[in-house]
*Asks:* 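Take a look at the following structure, please.
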Amino acid sequence: MGTTTVHWRDRNAARNRLRGAAGFDAYYRQCYGERWDALRRALLAPSAPVSYDAGGAQPYVLDVASIRAAATLPLAGAGRLLDLCAAPGGKTIVLASRMDADATLVANDRSPSRVKRLACSCASCLPPAVSARVSVRCSDGARWGRMAAEQYDRILLDAPCSSERHVLSDARHLAQWSPARVKAVTTMQWALLSAAFRLLAPNGFLLYATCAVLPQENDDMIARLLTRFPDACCVEPPEPSVPVSACIPMLPAAAHTAHGRIIMPDEQSAGPLYYSLIAKRAVGLHP
């Protein structure tokens, strides 16, 4: 038996061991060490969503960490906004409530069923004058960057992610988990992130966010963007700003990471929520 065959079988056996609930725990323990026990308990604990009142017929209920992330995207002076993976709509509502009176927002998702929910949320949670400036679309966001460029002043990419809280709470998803899930998710995230950056206008801002705790889906994704696009740079997120009328409690603190911020449920009783603010330099302003 050749050495190559033995190595292939060893790698295959290792992958097979990292499957299901036991594999999930082993994989995340490799990342977080002793902290994983506390983080796992926090992810399994019920979340405590809050109501965000944007002035519509009813408020939108979401995690307060999501409000903080969406509220850090600078919107003053921005006329063209895009929420690339918008459903179910919480961060869209936050953006719409903060945008300038003459700004427009495109809220997109690739799932027809989720788009229906997104449209209902915009209609019921926003004042008519604001919802009239929100266009809901159903499209594959990863394809946009190959068809158009530099169209939007501000972009929010709340990327699909491993969503460990959801996996842990669903026995079927937990039993089916494997490292291949992380690989598939990060591949999709990169397609969306690179497309979003191509859609961003010069001097614009892109906010990348996930509800994952893995560095591969967070800081590592931003590091790849910075390497691939010389006109991309991380900037310090401003203090979040939401309308007083939204009537929300104090926003949670966010810890610094290499390329962004993260809110962890074992520290703040909110999240998890990672976010990073990226600026696109105009041509001729590169260092």
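If you read the sequence from its start, that first residue is 1, and numbering goes on from there.
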*Asks:* Answer yes if the side chains of Arg68 and Tyr275 hold a donor-acceptor pair under 3.5 Å, and no otherwise.
*Replies:*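 Per modelled atom types, Arg68 and Tyr275 side chains form a pair under 3.5 Å.
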
*Asks:* Among side-chain atoms of Tyr274 and Asp219, is any donor-acceptor pair under 3.5 angstrom?
*Replies:*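 There is such a pair (donor and acceptor under 3.5 Å, judged by atom type) between the side chains of Tyr274 and Asp219.
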
*Asks:* Determine whether a donor-acceptor pair (N or O, by modelled atom type, separation under 3.5 Å) exists between the side chain of Asp100 and the backbone of Gly77.
*Replies:*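 Judged by distance alone, yes, a pair lies under 3.5 Å.
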
*Asks:* List in chain and number order the residues that pass side-chain contact (heavy atoms from CB on, under 4.5 Å) with Ala196, two or more places apart in sequence or in another chain; answer none if no residue qualifies.
*Replies:*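 Scan of Ala196 (side-chain contact (heavy atoms from CB on, under 4.5 Å), adjacent residues dropped) gives Leu84, Ile155, Leu157, Leu206.
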
*Asks:* Holding to side-chain contact (heavy atoms from CB on, under 4.5 Å), I want the full list of residues that pass it with Asp153, two or more places apart in sequence or in another chain.
*Replies:*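 side-chain contact (heavy atoms from CB on, under 4.5 Å) check on Asp153 returns Ala78, Arg80, Ala201.
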
*Asks:* Between Thr186 and Val182 (side chain of the first, backbone of the second, donor and acceptor by atom type, cut-off under 3.5 Å), is there such a pair?
*Replies:*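 Checked: pair present.
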
*Asks:* Taking the six-membered ring of Phe197 (Phe, Tyr or Trp), confirm whether the NZ or CZ of Lys280 is under 6.0 Å from its centre and within 45° of its axis.
*Replies:*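 Here Lys280 passes the 6.0 Å and 45° test against Phe197.
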
*Asks:* Do the side chain of Ser178 and the main chain of Ala180 share a donor and acceptor less than 3.5 angstrom apart?
*Replies:*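 Yes, because the side chain of Ser178 sits within donor-acceptor range (under 3.5 Å) of the backbone of Ala180.
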
*Asks:* Listing request: all ring-ring contact (aromatic ring centres under 6.0 Å, His included) pairs with a residue in residues 149-190, at least two apart in sequence or in separate chains.
*Replies:*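 Only Phe24-Trp177, Tyr27-Trp177, His166-His173 qualify under ring-ring contact (aromatic ring centres under 6.0 Å, His included).
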
*Asks:* Report the residue from Asn218, Leu43, Leu214, Asp63 that forms a side chain to side chain contact (heavy atoms under 4.5 Å, CB included) with Pro272.
*Replies:*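 When Asn218, Leu43, Leu214, Asp63 are each tested with Pro272, the side chain to side chain contact (heavy atoms under 4.5 Å, CB included) holds only for Leu43.
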
*Asks:* Sequence neighbours excluded, which residues qualify as side-chain contact (heavy atoms from CB on, under 4.5 Å) partners of Arg198?
*Replies:*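 With sequence neighbours excluded, Arg198 shows a side-chain contact (heavy atoms from CB on, under 4.5 Å) to Ser194, Arg228, Phe229, given in chain and number order.
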
*Asks:* Output yes when Asp37 and Arg29 qualify as a salt bridge under the 4.0 Å nitrogen-oxygen rule, no when they do not.
*Replies:*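 Yes, this pair counts.
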
*Asks:* Indicate yes or no for a side-chain donor-acceptor contact from Thr210 to the backbone of Ala212 under 3.5 Å, with no hydrogens or angles considered.
*Replies:*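 Side chain of Thr210 to backbone of Ala212, a donor-acceptor pair under 3.5 Å: yes, one is there.
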
*Asks:* Applying side-chain hydrogen bond (donor to acceptor under 3.5 Å, both in side chains), can you list everything that pairs with Ser139, at least two apart in sequence or on another chain?
*Replies:*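 Counting only residues at least two positions away or on another chain, Ser139 forms a side-chain hydrogen bond (donor to acceptor under 3.5 Å, both in side chains) with Trp144.
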
*Asks:* Whether Arg40 and Asp25 form a salt bridge (side-chain N of Lys/Arg under 4.0 Å from carboxylate O of Asp/Glu) is what I want to check.
*Replies:*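 Arg40 and Asp25: salt-bridged.
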
*Asks:* Between the side chains of Ser162 and Glu217, is a donor N or O closer than 3.5 angstrom to an acceptor N or O?
*Replies:*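 Checked: Ser162/Glu217 side chains pair up, N/O donor to acceptor below 3.5 Å.
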
*Asks:* Suppose the criterion is side-chain hydrogen bond (donor to acceptor under 3.5 Å, both in side chains): which pairs have a residue in residues 48-59, not counting sequence neighbours?
*Replies:*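 Residue pairs with at least one partner in residues 48-59: Tyr52-Ser97.
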
*Asks:* Does any N or O in the side chain of Arg261 come within less than 3.5 Å of the main-chain N or O of His256, such that one atom is a donor and the other an acceptor?
*Replies:*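 No: the side chain of Arg261 does not pair with the backbone of His256.
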
